[in-house]
Amino acid sequence: MASPDMASVTIKSANSAISFPELLIVEERLRESFLRAGDTIKDSCLLLLDSGGKRLRPLLTLQSAQCFGPLNSAALDAAVAAELIHMASLIHDDVIDHSDRRRGIPTINSQRGNQVAVLAGDYVFAEAFRILANKHLLTSMSYLVDAIQSMCDGEIQQAEQRCDLAVEPSQYFQRIAQKTGILLASCCCSGAASAGADQEAVEALGQYGMNLGYAYQIIDDILDFTGNPQVTGKPAAADLLNGYITLPVIYLLDKPLYGPWAREMLQARDLSPANVQRIIQALISSGALNEAFTTALRCAQTAVQALSSLPPSPSKTFLSELTHTILYRQA
């Protein structure tokens with residue numbers, strides 16, 4: 001993420017680097033939200049803000065709105081609220097996962113303790129709903145409330161499935177729909193609704209967002225094994241070390257040649273650095289990573305197909321190309 005003092009915020013598309021100056025407005029509004037807090041929460045939240053991030057959720061909100069006309073203030077307000085909700089969930093996730101670092105910098109809980117981190121996350125959630133309520137964005141609020149409730153259910157489901165080697169692909173998809181897909185879908189629906197789109201168009205963008213979320217999370221789970229820790233900001237196989245059974249591992253466990261060996265190792269929780277490297281090599285050799293990527297590709301194609309009923313626009317083109325960016329990202 002570019003720093004706020006730059007002329008624009010840039011996200012790579014399939015064909016070129018497209019600049020979105022409107023994201024600078026979102027960035028400044030986020031900063032203003034945190035400056036209103038007391039010193040401890042303010043400093044903690046500004047640290048997270050300055051660590052960067054893709055700002056995917058506000059971007060989806062704004063681009064979904066611009067599929068139906070010029071950008072308006074309601075879409076900007078909804079975009080800020082969406083990113084605040086995402087940031088609050090990250091703060092709480094770091095507490096739940098006992099994470100020491102995010103995007104390569106110390107987390108709030110590691111610096112200030114769990115109490116400050118939980119309260120900082122609560123403050124950020126409250127700030128999101130202050131914006132939505134003050135601006136009378138009740139439709140956007142409804143979509144985002146549904147997303148938060150779903151995210152909580154997904155977090156609990158993930159905890160219940162921890163170290164469960166019997167997890168099926170259908171259970172995995174249900175979990176990532178709740179943890180990732182629903183918020184992206186809600187951002188798209190919120191943006192479209194703020195621009196006055198009809199219900200059919202809103203639902204089409206919701207389908208786009210959900211399937212984009214599937215693709216995004218699957219690629220995230222692949223990068224857990226293949227990503228450069230210097231780029232991803234977390235160690236290799238961090239999710240596996242935390243006991244999270246993701247799609248590449250599910251596919252690996254189903255391979256006759258590799259599955260029994262991998263299952264025995266994971267059941268014993270024998271995850272030394274050497275064994276982690278053996279698992280990564282098995283994921284590559286068995287084709288499990290390629291299979292997971294193919295699944296992500298299908299989800300991305302479904303996302304693009306969901307846009308087919310929308311009228312032509314630069315924003316529709318961008319949303320279509322964004323699926324390619326998601327598939328081939330490195331962090």
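From a predicted model like this one, the values you see are computed outputs, not experimental measurements.
- Looking at Gln66 and Ser315, their side chains never bring a donor and an acceptor atom within 3.5 Å of each other.
- With sequence neighbours excluded, the residues that form a ring-ring contact (aromatic ring centres under 6.0 Å, His included) with His92 are Phe125.
- Screening residues 143-158 for salt bridge (Lys or Arg N to Asp or Glu O under 4.0 Å), with sequence neighbours left out, gives Glu155-Lys179.
- The closest side-chain heavy-atom distance from Pro229 to Pro235 is not below 4.5 Å.
- Residues in residues 222-231 take part in no side chain to side chain donor-acceptor pair (under 3.5 Å) pair, two or more places apart or across chains.
- Under the ring-ring contact (aromatic ring centres under 6.0 Å, His included) criterion, Phe129 pairs with no residue at all, not counting sequence neighbours.
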Please step through side chain to side chain contact (heavy atoms under 4.5 Å, CB included) for the pair Gln301 and Thr323, ending with a clear verdict.
CA-CA 8 Å; Gln301 291 168 339; Thr323 61; over 6 Å; no
Can you list the steps and then say if Asp94 with Arg101 is a side chain to side chain contact (heavy atoms under 4.5 Å, CB included)?
CA-CA 8 Å; Asp94 288 339; Arg101 303 186 76 80; over 6 Å; no
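- Contacts of Tyr172 classified as side-chain hydrogen bond (donor to acceptor under 3.5 Å, both in side chains), with partners at least two apart in sequence or in another chain: Asp221.
- Between the side chain of Ser286 and the main chain of Ala282, a donor-acceptor pair closer than 3.5 Å is present.
- Connection of Leu59 to Leu307 is established within a shared hydrophobic cluster, with ILVMFWY side chains joined at heavy-atom distances below 4.5 Å, either directly or through further cluster members.
- The main-chain N or O of Val304 is never found under 3.5 Å from a side-chain atom of Ser308 such that the two would form a donor-acceptor pair.
- No side-chain heavy atom of Tyr258 sits under 4.5 Å from any side-chain heavy atom of Ile279.
- The only option from Gln157, Glu160, Gln161 that meets the side-chain hydrogen bond (donor to acceptor under 3.5 Å, both in side chains) definition with Arg175 turns out to be Gln161.
- Taking every heavy atom of both residues into account, Ala78 and Ser140 meet most closely at CB-OG, 3.8 Å.
- For the pair Ser194 (side chain) and Gly191 (backbone), a donor-acceptor distance under 3.5 Å is present.
- Taking the side chain as every heavy atom from C-beta outward, Phe68 and Leu310 approach each other to under 4.5 Å.
- Judged by distance alone, the side chain of Ser320 and the main-chain N or O of Thr317 form no donor-acceptor pair under 3.5 Å.
- Once rounded to the nearest 0.5 Å, the distance linking CD1 of Ile219 with CG of Leu297 reads 9.0 Å.
- Atom CG of Asp254 is surrounded by 12 or fewer heavy atoms from other residues, nucleotides or ligands within 6.0 Å.
- Here the closest heavy-atom approach between residue Pro58 and residue Leu23 is recorded as CB-CD2, 4.2 Å.
- Applying the side chain to side chain donor-acceptor pair (under 3.5 Å) test to pairs two or more places apart or on separate chains, those with a residue in residues 196-214 are Gln199-Glu203.
- Sequence neighbours left out, the pairs with a member in residues 80-90 that pass side chain to side chain donor-acceptor pair (under 3.5 Å) are Arg55-Glu83, Arg57-His86.
- Looking at every heavy atom in both residues, Cys188 comes nearest to Gly209 through SG-CA, 3.9 Å.
- A salt bridge links Arg29 with Asp77: the distance from a Lys NZ or Arg NE/NH1/NH2 to an Asp or Glu carboxylate oxygen falls below 4.0 Å.
- The residues Arg162 and Asp239 are annotated as not salt-bridged, no charged nitrogen and carboxylate oxygen being separated by less than 4.0 angstrom.
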Going through the checks in order, is the side-chain hydrogen bond (donor to acceptor under 3.5 Å, both in side chains) test met by Gln217 and Thr180?
CA-CA 7 Å; Gln217 188 59 57; Thr180 304; 2.7 Å; yes
What verdict does the side chain to side chain contact (heavy atoms under 4.5 Å, CB included) test give for Leu319 and Leu205, after you've listed the backbone C-alpha separation in whole Å, the side-chain angles of each residue and the deciding distance to 0.1 Å?
CA-CA 10 Å; Leu319 291 175; Leu205 277 159; 3.8 Å; yes
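- Here salt bridge (Lys or Arg N to Asp or Glu O under 4.0 Å) pairs that include residues 282-306, with residues two or more places apart or in two chains, are Lys255-Glu291.
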For residues 240-250, which side-chain donor-acceptor pairs fall under 3.5 Å, sequence neighbours excluded?
{"residue": "Asn242", "atom": "ND2", "partner": "Ala238", "partner atom": "O", "Å": "3.3"}
{"residue": "Tyr244", "atom": "OH", "partner": "Asp97", "partner atom": "OD1", "Å": "2.5"}

Going through the distances and angles, do Met141 and Leu137 end up as a side chain to side chain contact (heavy atoms under 4.5 Å, CB included)?
CA-CA 6 Å; Met141 184 183 293; Leu137 295 172; 5.8 Å; no
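- With hydrophobic clusters built from ILVMFWY side chains whose heavy atoms lie under 4.5 angstrom apart, Leu283 shares a cluster with Leu165.
- The two atoms that bring Ala166 and Asp164 nearest to each other are N-OD1, 2.9 Å, heavy atoms only.
- Counting heavy atoms from C-beta outward, Leu62 and Val26 have side chains that approach closer than 4.5 Å.
- Taking every heavy atom of both residues into account, Thr107 and Ser99 meet most closely at OG1-O, 2.7 Å.
- Side-chain contact between Leu322 and Leu60: present, with at least one pair of heavy atoms (C-beta onward) separated by less than 4.5 Å.
- Sorted by first and then second residue, the salt bridge (Lys or Arg N to Asp or Glu O under 4.0 Å) pairs involving residues 259-269 (not counting sequence neighbours) form an empty list.
- For Lys135, the NZ atom sits in a loose shell: 12 or fewer heavy atoms of surrounding residues, nucleotides or ligands are nearer than 6.0 Å.
- Contact of the Ile218 side chain with the Phe173 side chain is registered, since non-hydrogen atoms from C-beta on lie closer than 4.5 Å.
- Apart from Ile105 itself, the hydrophobic cluster it occupies contains Leu47, where clustering links Ile, Leu, Val, Met, Phe, Trp and Tyr at side-chain heavy-atom distances under 4.5 Å.
- In the hydrophobic clustering, where aliphatic and aromatic side chains (Ile, Leu, Val, Met, Phe, Trp, Tyr) are joined below 4.5 Å either directly or transitively, Leu119 stands alone.
- Under the 3.5 Å distance criterion, the side-chain polar atoms of Ser44 are matched with a main-chain donor or acceptor of Thr40.
- Val80 and Leu132 are not part of a single hydrophobic cluster, where members link through side-chain heavy atoms under 4.5 Å apart.
- The shortest distance between side-chain heavy atoms of Val116 and Asn109 does not fall below 4.5 Å.
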Tell me, with the steps shown, if Phe293 and Tyr251 meet ring-ring contact (aromatic ring centres under 6.0 Å, His included).
CA-CA 11 Å; Phe293 181 83; Tyr251 286 156; over 10 Å; no
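- For the residue pair Val124 and Leu84, the shortest heavy atom distance occurs at CG1-O, 3.0 Å.
- Without hydrogens or angle criteria, Ser110 side chain to Asp100 main chain gives a donor-acceptor distance under 3.5 Å.
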